[in-house]
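Structure first, commentary second.
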2 protein chains.
Amino acid sequence: MDTCPPLPAFRADCPSRVVVDVLANKWVLYVLALLQKSGNPLRFNELRHLVDGVTQKSLTKTLRTLERNGLVDRRVYAAVPPRVEYRLTDLGREAAPLLAAIDSWAAQNTPAIVEARASFDTASGRA
Amino acid sequence: MDTCPPLPAFRADCPSRVVVDVLANKWVLYVLALLQKSGNPLRFNELRHLVDGVTQKSLTKTLRTLERNGLVDRRVYAAVPPRVEYRLTDLGREAAPLLAAIDSWAAQNTPAIVEARASFDTASGRA
DNA sequence: CAGCATCCTTCAAGATACTG
DNA sequence: CAGTATCTTGAAGGATGCTG
């Protein structure tokens, strides 16, 4: 049930597949990594500006998905103006470092990737 | 250049953003994780069957992307029938464990996620 | 402030057929 | 075997306007 030996989630009918589908997403990665690095709960508009380039619609959808999958806790405060805070759940606190690690690795290895890309493009572009 | 303090890749104009965009992908995760767990090079159709559910088109595109970004090496053998092997580059060998870790975590925590999801759905579905 | 609703575009992915 | 080419669909994402 919880594992699909020998290779988790590679089979389409494996339950963990849907979990990977949730996590292997750009905005999910940014939101979880940011909530972790922040250490504090973040409000909707805080996330909106921290996750540069995300639209309100995409962020809403991302946060709903994370909430639905038990990775993020959405807390609404009865106040005017409205105040909604998002924080990692215990489950989210486990997953976030895995995604943050990808962001860190990406940042460190961007030059190598950019170089590989340029090399590939020139090799393909010309004979 | 390589880092965007204090939060890598969260700004849209940060170069590492494109690297995250490559890695935060379902098929990329599976291909890299499989190549790592295999330890050996894998042929196109081997990957096609191991990554259950991927279409030939999507796999081709995924592999091209990985090759272009220096994560996978594509080796063609002049033979009949044609033989093409894919293996991790040094860069790919660094990145793969990070993605494999997500797959493992997903497999281990699927029950919790499924439960959270059911809980959320019943709470939303009814008053 | 934190969203939901709507419209519209685009572009990624599936199905299918063909080739070096 | 390992792809490429084409067609079609449908879901993701942007823009805009409105609301509790």
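Chain A is the first sequence line, chain B the second, and so forth, proteins listed ahead of strands; every chain is numbered from 1. As a basis for the values below, the full set of heavy atoms in this structure was taken, side chains included, without hydrogen atoms, waters or symmetry mates.
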Kindly point out which of [options] is positioned nearest to the side chain of [X]?
{"X": "B:Thr60", "options": "D:dT4, C:dG3, D:dA2", "answer": "D:dT4"}
{"X": "B:Pro81", "options": "D:dC1, C:dC4, D:dG13", "answer": "D:dC1"}
{"X": "B:Gln56", "options": "D:dA5, D:dG14, C:dG3", "answer": "D:dA5"}
{"X": "B:Phe44", "options": "C:dA12, C:dC1, D:dA2", "answer": "D:dA2"}
{"X": "A:Lys57", "options": "D:dG13, C:dG3, D:dC1", "answer": "D:dG13"}
{"X": "A:Thr55", "options": "D:dG14, C:dC1, D:dA2", "answer": "D:dG14"}
{"X": "B:Arg43", "options": "D:dA2, C:dA2, D:dG13", "answer": "D:dA2"}
{"X": "B:Arg74", "options": "D:dG3, D:dG13, D:dA2", "answer": "D:dG3"}
{"X": "B:Val84", "options": "C:dC1, D:dG14, D:dA2", "answer": "D:dA2"}

Quick check for you: to the nearest 0.5 Å, what is the distance between [X] atom [atom1] and [Y] atom [atom2]?
{"X": "B:Asp103", "Y": "A:Leu23", "atom1": "CG", "atom2": "CG", "answer": "10.0 Å"}
{"X": "A:Leu47", "Y": "A:Thr62", "atom1": "CG", "atom2": "OG1", "answer": "10.0 Å"}
{"X": "A:Ile113", "Y": "A:Trp105", "atom1": "CD1", "atom2": "CH2", "answer": "4.5 Å"}

- Message: I want to check one thing: is the phosphate of D:dT4, taken as OP1 and OP2, less than 4.0 Å away from some side-chain N or O of B:Arg64?
- Response: yes
- Distance test, side-chain N/O of A:Ser58 to OP1/OP2 of D:dA12, below 4.0 Å: no
Given atom [atom1] of [X] and atom [atom2] of [N], what is their separation to the nearest angstrom?
{"X": "B:Arg75", "N": "D:dA2", "atom1": "CZ", "atom2": "P", "value": "15 Å"}
{"X": "B:Asn25", "N": "C:dA12", "atom1": "CG", "atom2": "C1'", "value": "11 Å"}
{"X": "B:Arg48", "N": "C:dA15", "atom1": "CZ", "atom2": "P", "value": "11 Å"}
{"X": "A:Asn45", "N": "C:dA2", "atom1": "CG", "atom2": "C1'", "value": "7 Å"}
{"X": "B:Lys26", "N": "D:dA11", "atom1": "NZ", "atom2": "P", "value": "13 Å"}
{"X": "B:Leu63", "N": "D:dC1", "atom1": "CG", "atom2": "P", "value": "16 Å"}
{"X": "B:Leu59", "N": "C:dG14", "atom1": "CG", "atom2": "C1'", "value": "14 Å"}
{"X": "B:Leu42", "N": "D:dA2", "atom1": "CG", "atom2": "P", "value": "11 Å"}

- Answer with yes or no whether the side chains of B:Tyr30 and A:Arg17 bring together a donor and an acceptor at under 3.5 Å. yes
- Task: Would you check if there is a donor-acceptor pair between the side chains of B:Ser104 and B:Gln108 at a distance under 3.5 Å?
- Result: no
- Message: Base, sugar-phosphate or nothing for A:Tyr86? Non-hydrogen atoms, less than 4.0 Å.
- Response: sugar-phosphate
